[in-house]
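Following: one structure in structure tokens, then a few remarks.
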Amino acid sequence: MMHIIVCVKMVMDPEMPFSVFKVDPESNKPIVPDGTSAVLSTFDECALEAALRIKDGQDCKITALSLGAELPKSLLQKLYALGADEVIGIEAPEFEHLDAFSTANALTRAIEKIGDFDLVFMGRQSADWEAGLVWAGVAEALQLPSVSLVREATPGDGKVTAVRCVSDGIEAVEADMPALLTFTSEVGEIRFCSLKDMMKAKKKKIVKWSAADIGFETVERMQLKTLFVPEMPVVDCQIIEGDDDGEKGRRLARALADQGLL
């Protein structure tokens, strides 16, 4: 049976209103707004969907792996509801605001603890920091061939064929398994999970590991100097009124001409 490990990060909702996003200037850390919930990182959802499509066509086990200081139980259950066969949450205070190198180190140790696998799927980058560094660190540490920006993957006969996005179109590449692939939004949205699936997921066991369980050691190589919310420029907006579109157009043209823009 094929075994795919999918790494899924839980992040602050990137669709939250800009006005509610705040940063603590003392700690250089984002403040979670009241009334907002964490979500699955978008590109990691794409990676999970790609794994589920493989599972649709052949005998395959999917292990969803998530790392964080606090992992919402509802999101771990959602991974089961979407179709994962096993969900592992690695949760410890040590995992709060890790840099890319420490995150890669923790995921590497967790994957090694899981053991035999054929493929590791990850998003091209996270939906919060969007650095796109962790996957490269994991691939290097595990000595795996890696393919980035993948939109479709087809494994078979000890190899995986990946269709990846490039600047002038797409290309197909082949890699020996085990291998690590990162997925982009061209995969499409994650499939819908019904209320019935969510109810079933609540009965399944979520495996929990601590930092000690994976032998985690911090490997900080990046130091965050400053984190701030950029000031938005003030835009002077003028509304052109008129009884109909023709009058509005004439008034707009006159206003542009008065300002030397026509």
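Predicted, not measured: the structure shown is a model, and the values here were computed from it.
- Using a 3.5 Å distance cut-off with no hydrogens or angles, the side chains of S148 and R164 do pair a donor with an acceptor.
- Take F117 and apply the ring-ring contact (aromatic ring centres under 6.0 Å, His included) test, not counting sequence neighbours, and it matches no residue.
- Considering every non-hydrogen atom in both L52 and L82, the closest pair reads CD1-O, 3.3 Å.
- Using a 4.0 Å cut-off between charged nitrogen and carboxylate oxygen, D56 and R191 count as a salt-bridge pair.
- Put simply, the side chain of L119 reaches to within 4.5 Å of the side chain of M177, judged on heavy atoms.
- Electrostatic pairing of D243 and K248 does not count as a salt bridge here, judged by no charged N lying under 4.0 Å from a carboxylate O.
- Side-chain contact annotation: D213 with S210, donor-acceptor N/O pair under 3.5 Å present.
- Under the 4.5 Å side-chain criterion, counting only non-hydrogen atoms from C-beta, I4 is not in contact with T63.
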Determine, stepwise, if the pair I31 / V23 fulfils side-chain contact (heavy atoms from CB on, under 4.5 Å).
CA-CA 5 Å; I31 300 172; V23 171; 5.9 Å; no
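- Here K208 pairs with E91 under the salt bridge (charged side-chain N to carboxylate O under 4.0 Å, His left out) rule; sequence neighbours left out.
- Inspection of the S102 and D99 side chains reveals an N or O donor paired with an N or O acceptor under 3.5 Å.
- Between D24 and K29 no salt bridge is recorded (no basic side-chain N to carboxylate O distance below 4.0 Å).
- Using modelled atom types, one finds no donor on one side chain facing an acceptor on the other under 3.5 Å when comparing T182 with R124.
- Shown here are the salt bridge (charged side-chain N to carboxylate O under 4.0 Å, His left out) partners of K202, two or more places apart in sequence or in another chain: there are none.
- Between F43 and F183, every side-chain heavy-atom pair lies at or beyond the 4.5 Å cut-off.
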